[in-house]
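These notes are about the structure you will find just below.
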Amino acid sequence: CWSMFLVWTILGVVCLTYKPKKAKKPAENVEIVIVSIANQKVRNSLYETIDNIKKLNLKFYVLVDEGAEMISELSGVDLVVVPKTYKQHLIAKGRAINYFIENHVQKNMWYGFVDDDNIILDTEFLYEIPYYDQHGYVAMNPLLVMRKGKNTLTYVMDSIRIYDDLTVYRFFTGLLGKPLVGLHGELLCAKGEVLKEIGYDHHTITEDFHFAAELTKRNYK
């Protein structure tokens, strides 16, 4: 474990040379997709996520399964409902996202997928998308910062993700432009054209990692 920690740290030092490039103007072809089970257990966090995205003036959809408890409550937002009969061999979040890709994604747009407990802290990523789009990149990830919940131990354990983001993830997706260790599902942003090409039509609960693997196979940045 300490050997891996040392490797990650070395990669982090190497990544000190990496600074994301930005365009002068933010991207206007970006839409956010909130994927939610939309029941009473996530009601507060879902509305917090919706309010957050509204404050950032981002176009967004809420993606839910048919029969979700909160469908009637969400009539005031752009709601996308996945039919119960849709590709029942698929599971979890990947099934819902694949339905969205097949029925709503446009090739020239970018889409950012968030869970119903994600808060987007700023819109700086909108300035990065135009630059990297012009240079042939088709997907991106943000840095993740943990929020403290009821369980302090979980918070401490989860906080390793920011360390990973600043070291190994930044090394592969930033410096190399290859997601060899995967991508985060939280605010995973991808170009519509590539979402259409790859899709999420696979029986897996690690749909974000599978998508990253497919990007690597196709030699996408």
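Computed from a predicted model, the values in this text were never measured in an experiment.
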- Are V82 and V64 close enough, and set up right, to give a side-chain contact (heavy atoms from CB on, under 4.5 Å), and what steps lead you there? CA-CA 6 Å; V82 183; V64 303; over 6 Å; no
- Query: Are V42 and D117 close enough, and set up right, to give a side-chain contact (heavy atoms from CB on, under 4.5 Å), and what steps lead you there?
  - Reply: CA-CA 8 Å; V42 302; D117 61 351; over 6 Å; no
- Message: Using the rule given for side-chain contact (heavy atoms from CB on, under 4.5 Å), can you reason through Y132 versus M140, listing the C-alpha separation, both sets of side-chain angles and the distance that settles it, and then say yes or no?
- Response: CA-CA 9 Å; Y132 287 99; M140 66 172 292; over 6 Å; no
- Message: Go through it in stages, so that I can follow the logic: the residues are H184 and D165, the test is side chain to side chain donor-acceptor pair (under 3.5 Å), and I'd like the CA-CA distance, side-chain angles, deciding distance and then a yes or no.
- Response: CA-CA 9 Å; H184 299 310; D165 279 352; 2.4 Å; yes
- Message: For a side-chain contact (heavy atoms from CB on, under 4.5 Å) check, start with the C-alpha distance between F100 and N98, then their side-chain angles and the critical distance, and finish with the verdict.
- Response: CA-CA 5 Å; F100 183 86; N98 199 68; over 6 Å; no
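For the residue pair E102 / Y86, a side-chain donor-acceptor distance below 3.5 Å is found, with atom types taken as modelled. With no hydrogens or angles considered, a side-chain donor-acceptor pair links Y47 and E73 at under 3.5 Å.
Linking ILVMFWY residues whenever their side-chain heavy atoms come closer than 4.5 Å, directly or via other members, leaves Y220 and Y131 in distinct clusters. F211 and I91 are not part of a single hydrophobic cluster, where members link through side-chain heavy atoms under 4.5 Å apart. M157 and W2 are not part of a single hydrophobic cluster, where members link through side-chain heavy atoms under 4.5 Å apart. A continuous path of hydrophobic side-chain contacts links L58 to V114 [ILVMFWY only; heavy atoms under 4.5 Å]. In the hydrophobic cluster analysis, where Ile, Leu, Val, Met, Phe, Trp and Tyr join through side-chain heavy atoms closer than 4.5 angstrom, Y18 is grouped together with L180.
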Let me have the donor-acceptor pairs involving side chains of residues 4-16, under 3.5 Å, with sequence neighbours excluded, atom names and distances please.
from	atom 1	to	atom 2	distance (Å)
W8	NE1	D164	OD1	3.1
T9	OG1	F5	O	2.8
T9	OG1	Y163	OH	2.5

Residues 21-35 side chain polar contacts: donor-acceptor under 3.5 Å, at least two apart:
from	atom 1	to	atom 2	distance (Å)
K22	NZ	E124	OE1	2.7
N29	ND2	N108	O	3.0
E31	OE1	Y61	OH	3.3

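When side chains are defined from C-beta on, L215 counts as touching L183, because their heavy atoms get closer than 4.5 Å. K191 is not listed as a side-chain neighbour of I129, based on a closest heavy-atom distance of 4.5 Å or more. In this structure the side chain of P179 reaches within 4.5 angstrom of the side chain of T216, judged on heavy atoms. Looking at heavy atoms from C-beta onward, I198 lies out of side-chain contact with L195 at the 4.5 angstrom threshold.
Sorted by first and then second residue, the salt bridge (charged side-chain N to carboxylate O under 4.0 Å, His left out) pairs with a member in residues 140-163 read E48-R147, R161-E186; sequence neighbours excluded. Residue pairs meeting the salt bridge (charged side-chain N to carboxylate O under 4.0 Å, His left out) criterion with at least one member in residues 56-70, sequence neighbours excluded: K59-D78, D65-R95. The stretch residues 197-209 participates, sequence neighbours left out, in these salt bridge (charged side-chain N to carboxylate O under 4.0 Å, His left out) pairs: K87-D201, K93-E207, E197-R218. Residue pairs meeting the salt bridge (charged side-chain N to carboxylate O under 4.0 Å, His left out) criterion with at least one member in residues 6-20, sequence neighbours excluded, do not occur.
Note: L144 CG to L121 CG = 10.0 Å, rounded to the nearest 0.5 Å. Here the straight-line distance linking atom CZ of R170 with atom CG of L176 works out to 13.5 Å at 0.5 Å rounding. To the nearest 0.5 angstrom, F113 atom CZ is 8.0 Å from L63 atom CG. Between N118 atom CG and L187 atom CG the span is 7.5 Å, to the nearest 0.5 Å. Taken to the nearest 0.5 Å, the CH2 atom of W110 stands 11.5 Å off from the CG atom of L126. Annotation: the span from L188 atom CG to D115 atom CG amounts to 10.5 Å, rounded to 0.5 Å.
In terms of heavy atoms, A92 sits closest to I205 at CB-CG2, 4.3 Å. Closest heavy-atom contact between Q106 and Y111: N-OH, 2.8 Å. Here the shortest heavy-atom pairing between A38 and L74 reads CB-CD1, 4.4 Å. Taking every heavy atom of both residues into account, I37 and D116 meet most closely at N-OD2, 3.8 Å. Of all heavy-atom pairs between G182 and A212, the closest is CA-CB, 3.6 Å. Contact between N151 and L153 at its shortest, heavy atoms only, is OD1-N, 2.9 Å.
A donor-acceptor pair is defined here as one N or O able to donate and one able to accept, closer than 3.5 Å; such a pair exists between the side chain of Q88 and the backbone of K84. Side chain of N103 to backbone of Y99: a donor-acceptor contact under 3.5 angstrom is found. In this structure a side-chain-to-backbone donor-acceptor pair under 3.5 Å is present from H203 to H89.
Few gaps surround CE on M146; more than 12 heavy atoms of other groups in view lie less than 6.0 Å from it.
Under 4.0 Å is where a charged nitrogen must lie from a carboxylate oxygen, and between K196 and E193 no such pair does.
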